[in-house]
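Structure first, commentary second.
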Amino acid sequence: MINVKSTLTYSFFKLFFHCIKDFLITIGNIGKDFSRVLYYVVRLRINASATIEQSSRFAVDSLPITLTIVGMTSVIIAMQIAPELAKQGAEGYMGMMSALVMIRELSCIMSGFAIISMIGSSFASELASMAVGEQISAMHVLKVDPVEYLVVPRVLSGILTMPFVFIVSSLVGLVCTCLVSYMTAGLSPLNFMTSLWQGLYLRDILIAMLKASFFGGTIALISCSCGYSTRGGAKEVGESTTKAVVWSFVAIAVWDYIFAVLFYL
Amino acid sequence: MSISVRNLTKTFNDKKVLDNISFSVENGHTLGVVGFSGSGKSTLLKIISGLLYSDSGTIITENNSDIAMTFQYSALFDFLDVYHNIAFPLLERREFRGKYSKKEIKNIVKEKLALVGLEGIEEKFPSELSGGMQKRVGFARAIVTNPNIILYDEPTAGLDPVSSTLIENYIVRLKNELNAACIVVTHQMSTITRACDDVILLYEGKIVYRGTVNDFVSANTPYTKQFIEANIDGPMEIKSLT
């Protein structure tokens, strides 16, 4: 007699259904927390000082790592593209191309990745530690809604400050591209700037700022939700942080696709 | 009557954790809830405090009752100093926001800290305090709104005997000062004898003994005997050991 529970097929389906269940629970938790955040925001029940504090953390604290990542990516791309364009005699398009790539895509997505790894993971582990240490339960008993006190300021900080991070990182990215184009392809900064204006549209900047806002809000919401719903101990804190990072990466990729389809298809 | 629990039932994964529990606690009285691990004590407190829903049963309190709870590991907010931990409900709870001036809050915090014997530590963070001090700060935070029902979850767990005695004395003191109805979940006999008036003994979600502390200590039922003498053998099977 075969013990069904010891077969590979059984283990596969068990794992598969566990993943499906976990996926649905996470979606449910994020949706529930989003509706509660919306409830407080619509009623203007916003803790201004906490929002400012979290904004400073979201935008200012993350800036060095964000700028490093965006700057380095720009340098690497410029190092490879500028000499090739120069060989084809198309170095005059370098500024325009950089502006299009940087504003429409690179700056936003790279800043998002940097913020997920630095701020998103920190939000998730912080709230998860509070949840397993009964601090969230203590807030409930003290009749203070943890979503209002902890999640709303973090989500708002993401929505409000991510466009600022995007602007600064775009500027840094373009400056890096300009310098590397000069060093590797001999493209003068003046020519780079002249070409840059041809690829810089206000519409693109506004769309990218809106996208950055969505990225910021999504990262904060997912990270807080994954942390907030943690039960158990140290192992679960780690799992929640990992889950927050993975879900945030996927979510901003999906948002990026939606924005591309909506505005550039 | 300050709090009355009637026919409370709670099931987790088909296992009845609380089975038709009923009791009441008067103002100025302390009820000790004892039992081995997994007997449903903490679940009972969580249901009374509103952290969990029961499957059935009712909890009746007087009008405008305010329920406070202290946690086994204090659950102080580690990102706030002692002052802001204690003032937290006054600053953040909707009904209290803006009700008190900064000076009034400062005085209230000072008064509550004095009640638990901890003056002058307002600027310290929880990580700078000993376990016993953290428990007392947790007490001060719980009573800052002058609750009429106080729940203590394992108030002396992890403390040395002298600190435990101190905590037990404060439980009695707070009960008398606030004339509150208190429920203490504990494993320790010293907490029962020093801080409680009545006791219920839980086993597998059911009350297997109820009475005054004096009766509990002298009772010769198989359940009380096993609990007081800490016997492995007896009518109560300890699931965590088997």
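A note on names: the letters A, B, ... follow the listed sequences, proteins ahead of strands, and every chain is numbered from 1. Keep in mind that what you see is a predicted model, and the values were worked out from it rather than measured.
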Is it the backbone or the side chain of A/Asn47 that comes under 4.5 Å from a heavy atom of chain B, or both, or neither?
-> side chain
Could you tell me whether the side chain of A/Val144 reaches within less than 4.5 Å of the side chain of B/Phe96, counting heavy atoms only?
-> no
Give the member of B/Arg93, B/Glu95, B/Glu92, B/Lys46 that has the highest number of heavy-atom pairs under 4.5 Å with chain A.
-> B/Arg93
Rounded to the nearest 0.5 Å, how far does CZ of B/Phe77 lie from CG of A/Leu150?
-> 8.5 Å
More than 12 heavy atoms from other groups under 6.0 Å of CZ on B/Phe12 = yes
Residues B/Ala75 and A/Gln135: closest non-hydrogen pair is O-CG, 4.0 Å
Salt-bridge test for A/Lys143 and B/Asp66: reply yes if a basic N is under 4.0 Å from a carboxylate O, no otherwise.
-> yes
Structural part of B/Leu80 lying under 4.5 Å from a heavy atom of chain A | side chain
A/Tyr149 and B/Phe88 aromatic centres sub-6.0 Å = yes
How many angstroms lie between atom CG of A/Leu142 and atom CG of B/Leu90, to the nearest 0.5 angstrom?
-> 10.0 Å
With a 4.5 angstrom heavy-atom cut-off, could you sort out which part of A/Glu126 is near chain B: side chain, backbone, both or neither?
-> neither
Should the heavy atoms of other residues, nucleotides or ligands under 6.0 Å from CZ of B/Phe79 be counted, would the total exceed 12?
-> yes
Just wondering, more than 12 heavy atoms not from A/Phe34 lying within 6.0 Å of its CZ?
-> no
Give, as side chain, backbone, both or neither, the part of B/Leu151 having an atom under 4.5 angstrom from any heavy atom of chain A.
-> neither
B/Leu51 side chain near A/Val141 side chain, heavy-atom distance below 4.5 Å | yes
Is it the backbone or the side chain of A/Met130 that comes under 4.5 Å from a heavy atom of chain B, or both, or neither?
-> side chain
